[in-house]
Protein chains: 2
Amino acid sequence: MKLLSRIEEMVLLSILKLEDNAYGVTIRRLISEVTGKRWSIGAIYVPLERLEHKGFVESYTGEPTEMRGGRAKRMYKVTREGFKALEEIKRLHKALWESTSDWALDKGESK
Amino acid sequence: MKLLSRIEEMVLLSILKLEDNAYGVTIRRLISEVTGKRWSIGAIYVPLERLEHKGFVESYTGEPTEMRGGRAKRMYKVTREGFKALEEIKRLHKALWESTSDWALDKGESK
DNA sequence: CTATATCTTCTAAAATATAGAACAATTGAC
DNA sequence: GTCAATTGTTCTATATTTTAGAAGATATAG
């Protein structure tokens with residue numbers, strides 16, 4: 001199985017963090033906050049669709065009965081497969097960074 | 001500045017870990033080990049070249065005076081810019097995973 | 001019905017990832 | 001010298017992903 005890409009990882013984690021309020025707009029906002037960068041609409045929705053197609057997230061139509069205008073939300077949640085993919089990334093990240101990170105990055109700073 | 005991609009991150013960290021023995025073949029081997037997957041030649045060299053073009057790594061021709069056949073190695077080291085990019089990823093990862101990771105992943109496991 | 005607010009879908013272009021054939025350079029055997 | 005074996009890189013083409021934002025959809029308020 002292929003590894004999650006950076007944006008896929010961020011989208012999945014954002015959905016987890018947003019709990020019952022995870023949909024395109026809030027996911028995009030959260031990712032913008034955490035990265036400090038601007039993200040276009042497509043930069044979020046396209047990977048989101050791909051994640052659904054791969055079975056890493058599921059979506060359902062959000063409650064339309066809220067006192068607000070606008071189109072219905074498409075809400076997302078992470079599937080068990082999505083969790084597994086995240087676990088794999090977590091393991092990989094640990095293996096990659098464990099020994100290297102501190103001393104090596106310090107060395108770089110003081111160069 | 002754009003975030004490092006997954007493979008760029010892995011290549012940079014591999015170079016750090018390999019210290020004075022970082023070149024195409026060893027980088028590829030290390031990434032294969034840590035991911036448990038097969039990586040083609042191009043899957044390593046292409047990002048490696050891009051990292052050099054962006055100034056995140058520098059290369060030099062390896063010592064040719066070793067008792068062995070074969071073409072000269074192109075050795076790599078991470079530049080200060082490369083370190084900075086890694087630091088950014090490290091911060092991002094921390095922000096993304098800190099609160100979410102444990103309880104959320106556990107919830108997933110027990111679903 | 002019109003204006004406004006929210007949100008998603010669609011589409012195209014740019015950038016990256018991925019595979020592996022081809023090429024290059026060095027050693028040792030004869 | 002030159003042939004085979006070894007080691008490693010460069011080249012190049014295709015597939016996939018990223019990224020941007022226009023267009024479209026739907027709900028409310030007046």
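What you see below is based on every heavy atom in this structure, not just the backbone, and it leaves out hydrogens, waters and symmetry mates. All chains are named by letter (A, B, ...) in the order of the sequence lines, taking the proteins before the strands, and each is independently numbered beginning at 1.
Non-hydrogen atoms lying under 4.0 Å from DNA chain D are contributed by B/Tyr23, B/Gly24, B/Val25, all within residues 21-36 of chain B.
B/Val78 and B/Met1 fall into different hydrophobic clusters, where Ile, Leu, Val, Met, Phe, Trp and Tyr residues are linked whenever their side-chain heavy atoms come under 4.5 Å apart, directly or through other members. Two different hydrophobic clusters hold A/Leu48 and A/Val46 under the rule that ILVMFWY side chains link at heavy-atom gaps under 4.5 Å.
In plain terms, the two heavy atoms of B/Ser14 and B/Ile27 that are nearest each other are CB-CG2, 4.1 Å.
Between B/Arg50 atom CZ and D/dC11 atom C1' the separation is 16 Å, expressed in whole Å. For the pair A/Met10 CE and D/dT19 C1', the interatomic distance rounds to 12 Å; values are reported in whole Å. Here D/dG8 presents its C1' atom at 12 Å from CE of B/Met75, a figure rounded to the nearest Å. Here C/dT16 presents its C1' atom at 13 Å from CD of A/Glu8, a figure rounded to the nearest Å. Rounded to an integer number of Å, the gap from CH2 of B/Trp39 to P of C/dA17 is 9 Å. Spacing between atom CG of B/Leu4 and atom C1' of D/dT18 amounts to 15 Å, rounded to whole angstrom units. Summarising the geometry, the separation between NE2 on B/His53 and C1' on C/dA15 is reported as 13 Å, rounded to the nearest angstrom. Summarising the geometry, the separation between NZ on B/Lys73 and P on C/dT26 is reported as 13 Å, rounded to the nearest angstrom.
Under the salt bridge (Lys or Arg N to Asp or Glu O under 4.0 Å) criterion, A/Arg74 pairs with no residue, sequence neighbours left out. With sequence neighbours excluded, the residues satisfying side-chain contact (heavy atoms from CB on, under 4.5 Å) with B/Val34 are A/Leu92, A/Ala95, A/Leu96. For B/Glu52, the salt bridge (Lys or Arg N to Asp or Glu O under 4.0 Å) test picks out no residue, with sequence neighbours left out.
A salt bridge between B/Glu87 and B/Lys84 is absent, with no side-chain N of the basic residue lying under 4.0 Å from a carboxylate O of the acidic one.
Residue pairs meeting the salt bridge (charged side-chain N to carboxylate O under 4.0 Å, His left out) criterion with at least one member in residues 53-62 of chain B, sequence neighbours excluded: B/Glu8-B/Lys54, B/Glu58-B/Lys77. Every pair passing salt bridge (charged side-chain N to carboxylate O under 4.0 Å, His left out) that includes a residue from residues 28-49 of chain A is listed here, sequence neighbours excluded: A/Lys37-B/Glu88.
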Under 4.0 Å protein heavy-atom contact, by nucleotide of nucleotides 20-25 of chain C - B base, S sugar-phosphate only: BB-BBB
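Side-chain nitrogen and oxygen atoms of B/Arg74 include at least one within less than 4.0 Å of the OP1 or OP2 phosphate oxygen of D/dT10.
Using a 4.0 Å heavy-atom criterion, one finds that B/Lys2 contacts the sugar-phosphate atoms exclusively.
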